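All remarks here apply to the structure that follows.
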Amino acid sequence: MAEQTKVKTLEKVVIRFSGDSGDGMQLTGTIFSNLSAVFGNEISTFPDYPAEVRAPQGTLSGVSGFQVHLGSRKIFTPGDKADVLVAMNPAALKVNVKHLKPNAIVLIDTDSFKKSDLDKALFTTDDPFTELGLTGVQVVAAPISTMVKDGLVEFGLDNKSALRCKNMFALGLVCWLFERPLEEAMHMLQNKFAKKPVIAQANIKALTDGYNYGNNIHASVSTYRIESKKAEPGFYTDVNGNKATSYGLIAAAEKAGLQLFLGSYPITPATDILHELSKRKDLGVITVQAEDEIAGICTAIGASFAGCLAATSTSGPGLALKSEAIGLAVIAELPLVIIDVQRGGPSTGMPTKSEQTDLMQALYGRNGESPVVVIAASTPTDCFDAAFWASKLAVEHMTPVILLTDAFIANGSSAWRIPEMDKYPEIKPNYVSNYQDEKVWKAYRRNKESLVRYWAIPGTEGFAHRLGGLEKDYETSAISTDPANHQKMVTTRQAKIDKIADYIPELEVIGDEDADLLIVGWGGTYGHLYEAMETMQENGKKVAFAHFKFINPLPKNTAEVLSKYKKVVVAEQNNGQFANYLRGKVPGFNPCRFNRVKGQPFVVARLVEEFTKILEA
C-alpha cells in the first residue's frame, strides 16, 4: 500500500518561482497568485526580473523571479524568505540561496542541472546543494524538460515550443503541493492562448502532468493547506499597482463627469498604465503614446486646458524631462495628474528595481517657486485610492498633483475587493459657472476661501481667455512683470497648496497608544513597516506606526503626532529625503533614521533588529 502524503495546515507561506527570463516565471507566479486569490487567500507578490532584455541563457545575470506570500490572515509583504523555491536551473538556485529558509522545499528540473549548466552558473563542483550549504532543504528533483517533451508528443510541437510549457509543469507541481484545484488555472490558460488553441491545450496538458507527477511521488515531501480567509462579500480580483492606478483614474473621471486623457511615453516600470488605459476606449478613455516624455506631458496639458481629466505617467528620468512642463501647469493653474513610478537611479540606473529616491525631485525639481501637491501610494491596492485622490485634488484645486508609486507596488499585486463607487466622494470642478463676484471675470479670478481659480472650458460663451507660462497680473490676468504683483502671485500659489491641508484626512497612528517608539514611513514601504511593528509588539515592545500618504501639503496634525513620542524613526528607501523634509516642516523634530537603497524591498527581520536597537538605546 502506498504511503499516505502528509498534509500540514499553515497560516502563511512564501513561494518563489525562479528561472531564466525565457522560462515564464512571471506568468507562472501570476497564475498561482490568481488561483490563491480565487481560493480566498490573502496575497502579496513581488516580481523580480533583470534589467537585461535577454541575458545569456543559464547565467546569473539572467535570473528572473516571482515571489508570492499567501495566507489565511492579512498579508502585508511578499515575505523575507521562501518556504518553497522553484529553481528551473542552477543559476536560479544560486541567486536565490539567500532568499531560502533553512528547511525550505526546492523543486528543480534535473535536465537543467548538467555539468554545462553548473558551469554557466559558476559552480565549482557537481553538487550545487552541498556547495551552497543547503543541507537542510527538502529537494523535489524531477526531469521536467524530458517529461514535458514526452508528454506533448501528441501535439506535434517542435522541441523549442514544447519546452516553453515546462513552467506549467512546475506550476502543476506547486498546485499539488498546496492542494490547488486546476480548473481555474486551465480557464486562465484558455483565455491567455485563446487565439492559439493548440498552445493552450499543450500548456494545460503540461499543467496536469505536473500535478499528477506530484500525486504519484507520494510522501517524499509534505503537502500544505492554507485555509481561506473569511472575506467581506463582494467581487475580488488580483490587481497590481499599475492596473489599480489606471482604474483609479477612470473612477475619478467618472465621478467628475470628465473624459480621461493620458499623454505618455513608454518607460519601465510605468508603461503598463499606458497599456491598461489604451484598452479602455469602451469607457471613453483617450490615450496618446507621444514621441517623447516632454510631448507626452504637453499633450496632457492641452487636454486639461480643453476640459479633460488629464494625466501623464513616467518614472524618475521622465519626471526630470517633464519638469519645465510641470512648471507651465503650475503657473497656468491647470489640473494635471503626474504619475511617477519610481525606480533605481540616478540616470538610467536600475530600471526594473524599486526605490523611493524621487521625493525631493517631486517636491522641488522645477525652476522658480513651483509648488505642487505630492501624494504617495502605499500598497498595490491603495494605488486605486491614491489615483482617485490625486485626480480629486487636481480638479477641485486646479493644480498639478504628482502621484508617487514605485516599481515594488506597481508590479506587485494583492487581492482586491472591487469597491462600490457610491462610497467614494463626489469630485466637483470649480467651473466658471460658480463665479458670483460683481467684478468682470478674468482668468485668474479665485474662490476667496480656497484660492482656486475658476475653470472656464474653451468654447464657453463669454469666457474667452488666454493662459501661458508668463506671470500674470493678480487682478487683470494680463502679462505682468511688476515686482509686487509677482510676490503676490508666488505667495498666492503657495497658499493655495497649503490650504489643501483643510481638505485631506489627518495623519492616523496605529499601534500602542503609549508607545516608546513611533515608526514613520511613506509610500510603498507600508507593508514591511507594519509587519515590523506587529513583530515588535509580539516581542513585548510598545510601538506605534504612522504612514504618510499626503506629503505636500502634510496633514494638519503632523507636528502634533510627531511631537508626542520620545523616539521616532523614519524609514525610507533613500538617504533620508523624507526625514529631512519633515525636519524642515516640524520645528525641533530630529528623528532617528533607517535608510537602505538596494533596489530591493525592506527585509522585515532587519527592520525589527534595527528598530529594537533604537528603542533600547
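All values below come from the heavy atoms of this structure, side chains included, with hydrogens, waters and symmetry mates left out. What you are looking at is a predicted structure, and each value in this text was computed from that prediction instead of being measured.
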Distance-only donor-acceptor pairs under 3.5 Å for side chains of residues 241-250, two or more places apart:
residue : atom : partner : partner atom : Å
N242    : ND2  : P269    : O            : 2.9
T245    : OG1  : G241    : O            : 2.8
S246    : OG   : N242    : O            : 3.0

List, one per line, each side-chain donor-acceptor pair under 3.5 Å for residues 185-193, sequence neighbours excluded.
residue : atom : partner : partner atom : Å
H187    : NE2  : N191    : ND2          : 3.4

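Closest approach of N411 and P47 over heavy atoms only: O-CG, 3.2 Å.
Annotation: cation-pi pair K205/F155 absent, no NZ/CZ under 6.0 Å from the ring centroid and within 45° of its normal.
Summarising the geometry, atom OG1 belonging to T59 is positioned 11.5 Å from atom CG belonging to D117; distances are rounded to the nearest 0.5 Å.
Taking V603 as the reference, D80, A605, R606 meet the side chain to side chain contact (heavy atoms under 4.5 Å, CB included) condition, with sequence neighbours excluded. Every residue meeting the side-chain hydrogen bond (donor to acceptor under 3.5 Å, both in side chains) condition with E616, not counting sequence neighbours, appears here in chain and number order: K541. Under the side chain to side chain contact (heavy atoms under 4.5 Å, CB included) criterion, N595 pairs with E572, N574, R593, sequence neighbours left out. Every side chain to side chain contact (heavy atoms under 4.5 Å, CB included) that Y265 has, sequence neighbours left out, goes to E293.
With D48 as the partner, the side chain to side chain donor-acceptor pair (under 3.5 Å) test is satisfied by one option alone out of Q67, K353, H99: K353. Test F611, F594, F408 against F602 for ring-ring contact (aromatic ring centres under 6.0 Å, His included) and you get one pass: F594.
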Stepwise, does the side chain to side chain contact (heavy atoms under 4.5 Å, CB included) test hold for Q356 with Q342?
-> CA-CA 6 Å; Q356 293 183 299; Q342 299 169 94; 4.3 Å; yes

